[in-house]
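Have a look at the structure below before the remarks.
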Amino acid sequence: MLDTYPDTFTFVQYHASDGYESAWSDQRGGSFYPGWEYIPWTWFDGLTAIVGSSGFTTAYNARQQVPTDVTVALSGDPVSGTTYEVTAAVCLEAGGTAKTVRLYVVQVLDHWPTEVTYSRNGFKQAAATADLALTPGQCQTVVRSFTFDAASWASQSNIRIIAWVQQPLSTGPAEVYQAHSMSWPFPAGADCNDNGVPDLVEISQGTALDCNGNSVPDECDIDDETSDDCNGNDIPDECDLASGASDDCNTNDVPDECDVAQGLSPDCDGNIVPDECQPDCNGNGAADVCEILAGLVTDADGNGVPDECEIAPKFEAGFTTANHTTKTVTLQNTYTDPVVVCTGQYFYNGKRMIPRVSNVTANSFDLRLVDPTNASQTYSSQEVVCYWVMEKGVSELNGVKMEAWKYTSTVTDGNGDWTGEVRRYGRYYDNPVVLGQVMSANDAWSVFWTQGLRKAEMPSPTALRTGKHTGSTGLDRLPEEIGVIVFEAVTGASLGGVPFEAGVGPATVQGLLHGTPPYTPYALQTPMTAPQFVALASPAGVQADTGFWVQRHGQAGSGGSTYLLLSLDDELDRKHMTGERVAYALLKSVLAWPRVPDFDADGDVDLADFAGFQDCFGEAVTGTCLNAELSGDGLIDANDVPAFVEHMENP
């Protein structure tokens, strides 16, 4: 088979119970692959065992059909006398799956021992193994030294170095992902900078940098124009972007500072952020800051948002219950263009559930729970669903910046392919908290997700991608309407006198079955002591390629006063051991804004309610006096009088 498949087949022959066995080969056979008392005893790719001398071709052909995303390359360079340095470069293809492997490097001597004709690739010696954590698109280099014995040196043409990477297990079966064989004379390692030291050796010793993991020193990538270095820092641009040293908010694979410096992107305010990445609240393609500076729009309050985009805050946050049957949720406010975001609260049913929104109108929306793994799934009990509805536009209440918008998503992500759709904020945020919802039901199911510059990163002030995904299924979907609500991260705040907190937590939230208890706590800065507090949560980047959706965990009102309990779910593996980062917004109790000061609950605002308003004047914004705080400044004072009069005149 060595002669038939010289480029795709290699093997190591170990001896037992004769003068050619060794301690290393005895351990390999006696401990790693128990059973080699049967001779011949052969393993293909560490998985398929064959006793006897037939069936080899069948086993070989079966494994040849299995693709691999791992590559191995070898080179050898003389040190002195019969000692050589062997360099192995182990790489994982860009689209591969991250894995930890064990690298074996051994020397064999072909046609040894010479007493029999079937002696091929007889084992001579092994170097120390190395466990390597491989990441997609990256290479790792390992250098090992071999001194060849007299029998090998006398038959140099038969010297071979064989390297393979295998599951890092203590006993077999253990899958071999890739192998490579190097025959004498060994190919010398490349030396792109002509300094007499092979590139792979320099990289392994740390005397040359290889930030992009292509086994070529960075300096050579730049000199050969294989990689650009637009900012002249001697680091390939792709490494600046991958490490976060440079931003690429417009996703053109060019660092933003180079876009600006080279005139590829305008920067009207000189903040080294391309104008196409700045907020554009009216969606006309021009950055708001540029229009304000040019006098094309007014910004009377100087907050960087064109006056034409700012609206009076109008929203409501509350609870409802849902199961598999579609229900209509009636809203307190009437909206011109509402945006709806929901989060389910997992407790009763033990089944996967996604809050599915549809038929959004001026004062209602339809809601039901769906299981992506079972379209006909029923739920024996109602689950609590939190919702937040906001008028489309940019607004601010009690100093909390917020906005809501929606768009039609034509891209479906999932199954390792995560691109999203580039979006722009309606205003500038220092720490944006992005929440979203698939607001239509044109297809079976999909869920909202978001990222910053890279898939695993949370949205940043200048980089935002949002979209819908179908997890590991990779199933495409019809266009759906996506609703997005953004807050500035804040603690210790209030909206209309109700305690409010918004933020992005650490990448620690895991799946339902990852352990006991099956949830992850997020510590809160603002105590949420009400029996039920409204909790919205969405992905803030995606670590695992399977994707996920977020759910509040536990019965309504659970989570304690200082923790929000969260869990993840997906349609593949409910353990979801990868920690994920979650964005959240919490309100201590339900709230509809603007409030209606109907103190006697008779359906209108008149002089009968004015007495209640007077009683609350100057009092704390709590209890029944919540309805008297109408201006949004957190106080009940003269600022609330105009709003009360307006309600009287427009009951």
Quick one, Asp600 with Asp609, criterion side chain to side chain contact (heavy atoms under 4.5 Å, CB included). Give me CA distance, side-chain angles, the key distance, then yes/no.
CA-CA 6 Å; Asp600 58 8; Asp609 299 297; 2.9 Å; yes
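- Using modelled atom types, one side-chain atom of Arg581 and one backbone atom of Gly505 make a donor-acceptor pair closer than 3.5 Å.
- Closest heavy-atom contact between Phe315 and Leu495: CZ-CD1, 4.1 Å.
- In plain terms, the two heavy atoms of Gly503 and Ala489 that are nearest each other are CA-CB, 4.2 Å.
- Once rounded to the nearest 0.5 Å, the distance linking CG of Asp637 with OG of Ser631 reads 6.0 Å.
- Residues Ser446 and Glu480 meet the side-chain proximity criterion, which asks for heavy atoms closer than 4.5 Å.
- Taking CD of Glu421 as the reference point, atom OG1 of Thr419 lies at 7.5 Å (rounded to 0.5 Å).
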Check the pair Asn639, Val641 against side chain to side chain contact (heavy atoms under 4.5 Å, CB included), reporting the backbone distance first and the verdict last.
CA-CA 6 Å; Asn639 291 332; Val641 174; over 6 Å; no
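- Gln345 places no side-chain N or O within 3.5 Å of a backbone atom of Val384 that could act as its donor or acceptor partner.
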Worked check of side chain to side chain contact (heavy atoms under 4.5 Å, CB included) between Leu397 and Trp593:
CA-CA 10 Å; Leu397 182 62; Trp593 189 268; 3.8 Å; yes
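- Cys386 has its SG atom 2.5 Å or further from the SG atom of Cys342.
- Note that CG of Asp569 and CH2 of Trp549 are 4.5 Å apart. Values are rounded to the nearest 0.5 Å.
- Here the rule is side-chain hydrogen bond (donor to acceptor under 3.5 Å, both in side chains) with Glu316, and of Tyr335, Tyr387, Trp388 only Tyr335 fits it.
- In this structure, the side chains of Val394 and Trp405 stay at 4.5 Å or more apart for every pair of heavy atoms.
- Thr298 contributes atom OG1, which lies 3.5 Å from atom CG of Asp307 (distance to the nearest 0.5 angstrom).
- Side chain of Ser567 to main chain of His553: no donor-acceptor pair is present (N/O by atom type, distance under 3.5 Å, no hydrogens or angles).
- A donor-acceptor pair under 3.5 Å links the side-chain atoms of Lys406 to the main chain of Pro338, judged by distance alone.
- In this structure, the side chain of Asp256 does not engage the main chain of Pro274 through any donor-acceptor pair within 3.5 Å.
- You'll find the side chain of Pro594 stays beyond 4.5 Å of the side chain of Leu630, heavy atoms only.
- Between Val433 and Ala583, the shortest heavy-atom distance links the atoms CG1-CB, 3.9 Å.
- With no hydrogens or angles considered, no side-chain donor-acceptor pair links Asn359 and Thr361 at under 3.5 Å.
- Using modelled atom types, one finds no donor on one side chain facing an acceptor on the other under 3.5 Å when comparing Thr378 with Asn323.
- Remark: the backbone N or O of Ser381 is paired with a side-chain donor or acceptor of Asn349 at under 3.5 angstrom.
- For Arg595 (side chain) and Glu629 (main-chain N/O), a donor-acceptor pair under 3.5 Å exists by modelled atom type.
- Going from atom CD of Glu276 over to atom CG of Asn250 covers 4.5 Å, rounded to the nearest 0.5 Å.
- Nearest heavy-atom pair, Glu619 versus Ile636, reported as atom, atom and distance to 0.1 Å: O-CD1, 3.8 Å.
- A 6.0 Å sphere centred on NZ of Lys351 holds more than 12 heavy atoms belonging to other residues, nucleotides or ligands.
- In this structure, the side chains of Tyr428 and Pro461 come closer than 4.5 Å at one or more pairs of heavy atoms.
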Side chain to side chain contact (heavy atoms under 4.5 Å, CB included) evaluation trace for Asn282 with Glu308:
CA-CA 8 Å; Asn282 54 20; Glu308 65 188 63; 3.1 Å; yes
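- Both the sub-6.0 Å distance and the 45° axial angle are not jointly satisfied by Arg552 relative to the ring of Tyr584.
- Side chain of Asp288 to main chain of Val305: no donor-acceptor pair is present (N/O by atom type, distance under 3.5 Å, no hydrogens or angles).
- For Arg356 (side chain) and Ser440 (main-chain N/O), a donor-acceptor pair under 3.5 Å exists by modelled atom type.
- For the atom pair CZ (Phe347) and CD (Glu383), the distance works out to 8.5 Å, reported to the nearest 0.5 Å.
- With a 4.5 Å cut-off on side-chain heavy atoms, Asp371 and Tyr379 count as touching.
- Glu488 places no side-chain N or O within 3.5 Å of a backbone atom of Met402 that could act as its donor or acceptor partner.
- Counting heavy atoms from C-beta on, the side chains of Glu571 and Ser472 come closer than 4.5 Å.
- No side-chain heavy atom of Thr526 sits less than 4.5 Å from a side-chain heavy atom of Leu586.
- Of all non-hydrogen atoms in Asp606 and Met648, the two that sit nearest each other are C-CE, 4.1 Å.
- Each of Leu464, Val504, Val486, Thr466 was evaluated against Pro459; a single residue qualifies, Leu464, per the side-chain contact (heavy atoms from CB on, under 4.5 Å) test.
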Could you give me the CA-CA distance, side-chain angles and deciding distance for Asn303 and Glu396, then say whether side chain to side chain donor-acceptor pair (under 3.5 Å) is met?
CA-CA 11 Å; Asn303 66 351; Glu396 187 170 328; 4.7 Å; no
Run the side chain to side chain donor-acceptor pair (under 3.5 Å) check on Ser376 and Asn374 step by step: do they pass?
CA-CA 5 Å; Ser376 60; Asn374 182 359; 3.0 Å; yes
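- Between Lys455 and Trp449 the shortest heavy-atom distance is O-CZ3, 4.3 Å.
- You'll find the side chain of Gln278 reaches within 4.5 Å of the side chain of Asp269, heavy atoms only.
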